[in-house]
Amino acid sequence: MSLRVRLTFLYTTLLGVVLLLFSLLIFGLVSIILINQIDSTLRQSAENLIPLLRVNEENQFDPRSLTSVELNENLIIQLFNADNQLQVARPYGWVEPLDPQSLAARTPGYRSSTSDGVPVRVLTIPLKTVRGPAGVLQLGISLSLVIALQNDLVTIVIITSLGAMLITAVATWLITARALRPLSTVTRVATQITRADDLSRRIPITEPVDEEFRNLINAFNQTLERLESLFNFQRRFIADVSHELRTPLTVIKGNAGLMRKLGEADQEALESIESEVDRLTRLVGDLLLLAQAEQGELPLDPQKMSLDTLLVEVQHQLATLAGDKVRISLEHLEQIEMTGDRDRLKQVILNLMANAVQYSTPGGEVVLALHLINQQARLTIRDNGPGIPAEDLPHIFERFYRGEKSRTRSKQSGFGLGLSIAYWIVRAHGGHIEVSSQEGKGSTFTVWLPLKPVNNKENSLE
Ligand code: ADP
């Protein structure tokens with residue numbers, strides 16, 4: 001059953017139930033009021049009549065005592081003697097007892113009964129004189145009018161209730177159609193998106209819609225945006241990996257072909273194959289590490305370590321790579337003992353310093369500094385190389401991102417994964433990396449690391 005049908009049914013039924021309860025209440029109240037009015041008329045009539053009654057020596061009523069009385073035209077009077085024999089009846093023909101049950105039992109009070117086929121309300125009053133029981137007076141008023149009124153009331157209530165329910169059903173049907181229209185638009189566009197496989201489409205908010213629908217559409221559009229960016233990211237990633245795999249595989253195939261032609265192992269070709277295999281192994285290792293890091297599952301082996309010693313160690317290691325081309329100097333070195341994964345942190349410092357050396361022009365300088373600030377280690381690696389263009393800066397920590405100038409692949413060039421890896425390792429230690437750079441002037445990378453690692457499992461880098 002559609003939501004629209006369900007809502008219409010629900011509202012109409014709800015209104016029906018409320019009207020039914022309300023009608024029962026009104027019906028009950030009206031009936032009680034009318035009966036009370038009749039009872040009070042009966043009581044008053046009795047009070048007027050009883051003083052007029054006369055009895056003789058045998059304690060028998062004198063029928064004449066009531067003949068001259070002016071009576072209410074709706075009132076029925078029956079007077080019985082002590083043996084329950086009818087002595088007076090007004091109107092005269094009404095001989096069947098108004099309430100035989102109360103008469104037989106001589107129970108005083110009001111009761112509804114049927115006499116001569118007519119529904120009546122009866123007041124029974126046993127009468128006594130000083131000489132003992134004298135008889136019973138029964139006064140009655142026909143309930144036909146009340147019943148007719150009750151029937152009219154029921155008819156009116158049924159007709160108006162059905163009318164109200166019909167109006168509610170039509171109104172709900174129309175209102176829900178209008179209220180649910182945005183939902184069908186969402187469904188239509190979502191279906192079109194699925195059919196056309198086009199994640200770039202968004203659901204437009206063209207007409208004024210309720211806040212709930214606006215939120216739904218916004219949430220849906222955000223989901224689409226996220227899906228699109230994940231999809232693009234995945235596509236780019238596959239393209240990048242394929243690109244990185246193709247070149248070493250081509251080199252390996254070429255060298256293998258060469259040796260087959262030569263019919264013997266060629267030293268140079270073997271070395272080239274070996275170096276490409278090393279490169280491929282590095283690529284696979286880096287990708288695995290990134291995949292683990294992005295899932296928050298980067299295996300870390302945190303131990304007490306000296307960050308300053310590690311920095312000096314990497315500096316010496318890189319001095320060989322830098323040779324005479326770039327000077328590496330230590331501007332400030334504070335002794336810092338911290339808890340961290342030494343090998344991973346070494347990888348971070350190596351990546352950053354290697355970049356600084358690699359991108360520096362001959363005669364350049366790389367300056368290192370290690371400070372302790374607010375229980376955090378601050379490591380800065382500054383170079384006076386070419387700098388990073390402002391348009392590249394927001395992307396350099398993305399996987400496979402390489403600046404325009406670094407795209408021409410050389411044997412030494414990286415895969416564009418070094419900064420991503422550094423980012424994730426630092427993040428896994430609860431720290432972060434900042435970069436500032438000016439084209440033509442150089443770049444500064446600053447790594448902040450807490451002295452004790454904080455468990456940081458969040459991951460998102462798009
Ligand atoms: P790559 O393997 O290309 O070095 P990275 O992830 O280490 O990959 O660096 C990403 C890009 O950031 C590089 O291609 C380069 O354009 C830019 N970059 C990083 N460090 C520096 C630096 N010190 N000076 C200039 N550009 C840099």
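As the structure lists them, so they are numbered: ligands from 1, and atoms in each ligand from 1. Counting from 1, the numbers follow the sequence of the chain as shown.
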Is [X] close to ligand 1, meaning an N/O of one under 3.5 Å from an N/O of the other?
X: Leu419; result: yes
X: Gly416; result: yes
X: Arg402; result: no
X: Tyr359; result: yes

What closest approach, in Å, do [X] and [Y] show between heavy atoms, and which atom pair accounts for it?
X: Glu334; Y: His371; result: OE1-CA, 3.6 Å
X: Leu262; Y: Asp266; result: CD1-CB, 4.1 Å
X: Ala164; Y: Leu19; result: CB-CD1, 3.9 Å
X: Arg402; Y: Gly416; result: CG-CA, 3.5 Å

Relative to the heavy atoms of [X], which atoms of ligand 1 are at a distance of less than 4.0 Å?
X: Phe445; answer: 20 (N), 23 (N)
X: Phe415; answer: 2 (O)
X: Ile396; answer: 10 (C), 12 (O)
X: Tyr401; answer: 10 (C), 11 (C)

Working to the nearest 0.5 angstrom, can you tell me the gap between Gln438 CD and Leu393 CG?
11.0 Å
Mark yes or no for whether Ser420, through its side chain, and Arg399, through its backbone, hold a donor-acceptor pair below 3.5 Å.
yes
Lys/Arg N to Asp/Glu carboxylate O, Arg382 vs Glu331, below 4.0 Å
yes
Indicate the ring-plane relationship of Phe397 and Phe445, choosing parallel, tilted or perpendicular according to the 30° and 60° boundaries.
perpendicular
Regarding atom 19 (C) of ligand 1: of the candidates Asp286, Leu352, Thr444, Asn355, which has the closest heavy atom?
Asn355
Taking non-hydrogen atoms only, is [X] closer than 4.0 angstrom to ligand 1 via side chain, backbone, both or neither?
X: Asp383; result: side chain
X: Ile388; result: side chain
X: Phe397; result: neither

Pro386 near ligand 1, heavy-atom distance under 4.0 Å?
no
Just to check, does Ala356 reach to within less than 4.0 Å of ligand 1 when the distance is taken from its heavy atoms?
yes
Are the side chains of Glu439 and Pro386 in contact, using a 4.5 Å heavy-atom criterion?
no
